[in-house]
Amino acid sequence: MLFDGATAPLGQTVRIGLILLSTDEICADAFTSILPRDDVLVFQTRAAYDEKGAGDDLAAPMTDIVNTLPPPGRFDILAFGCTSATVAMGIDGLVRQLSEARPGLRYTSPAIGAVEALRHLEAQRVALLTPYSLAFHRKMIVFFEENGFEIMADGAFPKQTDSEVAELTPEAIFEAARALVDRKQPDALFISCGATPVTPLIEELEQELGIAVIGSVQAMAWHALRLAGYSRSISGYGRLMRIAR
């Protein structure tokens with residue numbers, strides 16, 4: 001017996017496809033923890049990655065990775081959850097790969113979101129904290145300078161793997177953040193990498209430091225919502241998520 005059942009559209013107003021690196025232990029939960037579940041639906045997939053370098057050395061073509069997400073028409077925003085890959089590929093290079101893999105969407109990543117968030121906050125003088133090797137940390141400085149920001153202070157936890165980054169303690173993050181901000185009094189602090197466990201700390205960091213704190217996952221979540229036209233304030237994750245869009 002066959003039934004012609006009625007179907008209903010997805011109830012959420014924002015639908016996001018999220019690509020994660022296979023090695024990332026933090027980004028998925030951090031991303032979904034920020035987003036209001038009644039309004040946002042997130043489809044997740046993972047890209048195989050062997051941690052040789054900068055996050056752009058993926059084991060499969062971007063088209064193959066995107067095709068593990070739901071088919072065209074089921075989501076509107078495509079987010080690639082790797083900060084260092086954006087820097088390694090360049091914003092234009094990453095967006096080109098994403099748009100070729102799934103045309104007609106709107107695209108973001110942590111680094112794209114960070115640039116847009118800092119501009120939105122009118123933060124010109126920025127402190128930068130990363131978990132990367134010193135060589136790649138320097139590339140991050142160049143990336144932000146090329147996008148119009150002045151890096152007033154910078155520091156790194158030179159970790160080798162995402163699992164090492166995920167094990168950074170709140171005490172270590174707070175200590176590094178204080179040292180950078182006390183030195184130069186920047187407009188904002190950006191803490192890089194989707195694997196850095198900073199999302200639950202952002203509100204407390206801002207209260208202690210007295211400036212805006214932007215994390216990779218928070219920036220990508222904010223930008224994804226902004227691309228979708230979502231305008232509600234979200235509390236608990238820093239001033240970026242609370243201010244009017």
Indicate the atoms forming the closest heavy-atom contact of [X] with [Y], along with that distance.
| X | Y | answer |
| --- | --- | --- |
| Thr108 | Gly113 | OG1-N, 4.0 Å |
| Gln124 | Gly148 | NE2-O, 2.6 Å |
| Pro197 | Ala166 | CG-O, 3.7 Å |
| Leu240 | Ala219 | CD2-CA, 4.4 Å |
| Thr86 | Ala111 | CB-CB, 3.5 Å |
| Val66 | Ala101 | CG2-CB, 3.6 Å |

Problem - Test item: side-chain donor near acceptor, Ser192 and Tyr132, under 3.5 Å - result: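 Ser192 vs Tyr132: donor-acceptor pair found between side chains.
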
Does any non-hydrogen side-chain atom of [Y] lie less than 4.5 Å from one of [X]?
| X | Y | result |
| --- | --- | --- |
| Thr199 | Tyr237 | yes |
| Met241 | Leu225 | yes |
| Thr196 | Ile173 | yes |
| Val87 | Phe136 | yes |
| Pro186 | Val181 | yes |
| Leu118 | Asn147 | no |
| Val142 | Arg138 | no |
| Thr161 | Ser163 | yes |

All side chain to side chain donor-acceptor pair (under 3.5 Å) counterparts of [X], not counting sequence neighbours:
| X | value |
| --- | --- |
| Glu203 | Arg242 |
| Thr45 | Thr68 |
| Asp162 | Thr23 |
| Asp187 | none |

Exercise for the section: Might you work through the salt bridge (Lys or Arg N to Asp or Glu O under 4.0 Å) test for Lys159 and Glu167, ending with a clear yes or no? Expected result: CA-CA 10 Å; Lys159 304 300 182 182; Glu167 292 171 356; over 6 Å; no

Practice task
Would you please test Glu116 and Arg119 for side-chain contact (heavy atoms from CB on, under 4.5 Å) and show each step?
Solution key: CA-CA 5 Å; Glu116 295 300 325; Arg119 288 173 178 166; 3.6 Å; yes

Same apolar cluster (I L V M F W Y, side chains within < 4.5 Å links), [X]/[Y]:
| X | Y | value |
| --- | --- | --- |
| Leu168 | Val217 | no |
| Val213 | Ile234 | no |
| Val126 | Val115 | yes |
| Tyr107 | Phe43 | yes |
| Val198 | Ile34 | no |

Going from [atom1] on [X] to [atom2] on [Y], what distance comes out if it is rounded to the nearest 0.5 angstrom?
| X | Y | atom1 | atom2 | answer |
| --- | --- | --- | --- | --- |
| Leu189 | Met152 | CG | CE | 13.5 Å |
| Ser216 | Ile214 | OG | CD1 | 10.5 Å |
| Asp24 | Cys82 | CG | SG | 8.0 Å |
| Leu78 | Arg15 | CG | CZ | 13.5 Å |
| Leu98 | Met89 | CG | CE | 8.0 Å |
| Tyr49 | Ile65 | OH | CD1 | 12.5 Å |

Problem - Audit row: Leu35, Val14, side-chain contact (heavy atoms from CB on, under 4.5 Å) steps and yes/no - result: CA-CA 10 Å; Leu35 301 174; Val14 179; over 6 Å; no

Spell out, as yes or no, whether a donor-acceptor pair under 3.5 Å connects the side chain of [X] to the backbone of [Y].
| X | Y | answer |
| --- | --- | --- |
| Gln160 | Ser133 | no |
| Ser109 | Thr83 | no |
| Gln44 | Leu20 | no |
| Tyr230 | Thr13 | no |
| Arg74 | Gly17 | no |
| Glu206 | Arg239 | yes |

Exercise for the section: Could you please spell out the steps behind the side-chain contact (heavy atoms from CB on, under 4.5 Å) verdict for His137 and Leu128? Expected result: CA-CA 9 Å; His137 177 81; Leu128 173 66; 4.2 Å; yes

Completion exercise
Residue pairs passing the side-chain hydrogen bond (donor to acceptor under 3.5 Å, both in side chains) test with at least one member in residues 90-102, sequence neighbours excluded, are none

Exercise for the section: May I have the step-by-step check of side-chain contact (heavy atoms from CB on, under 4.5 Å) for Glu204 and Phe174, ending in yes or no? Expected result: CA-CA 9 Å; Glu204 187 177 352; Phe174 268 85; 3.7 Å; yes

Handout entry: Phe149/Phe190 aromatic ring centres below 6.0 Å
Key = no

Handout entry: Co-members of the apolar cluster containing Leu134 [side chain, <4.5 Å]
Key = none

Handout entry: Neighbour count above 12 (heavy atom, 6.0 Å) for Glu175 CD
Key = no

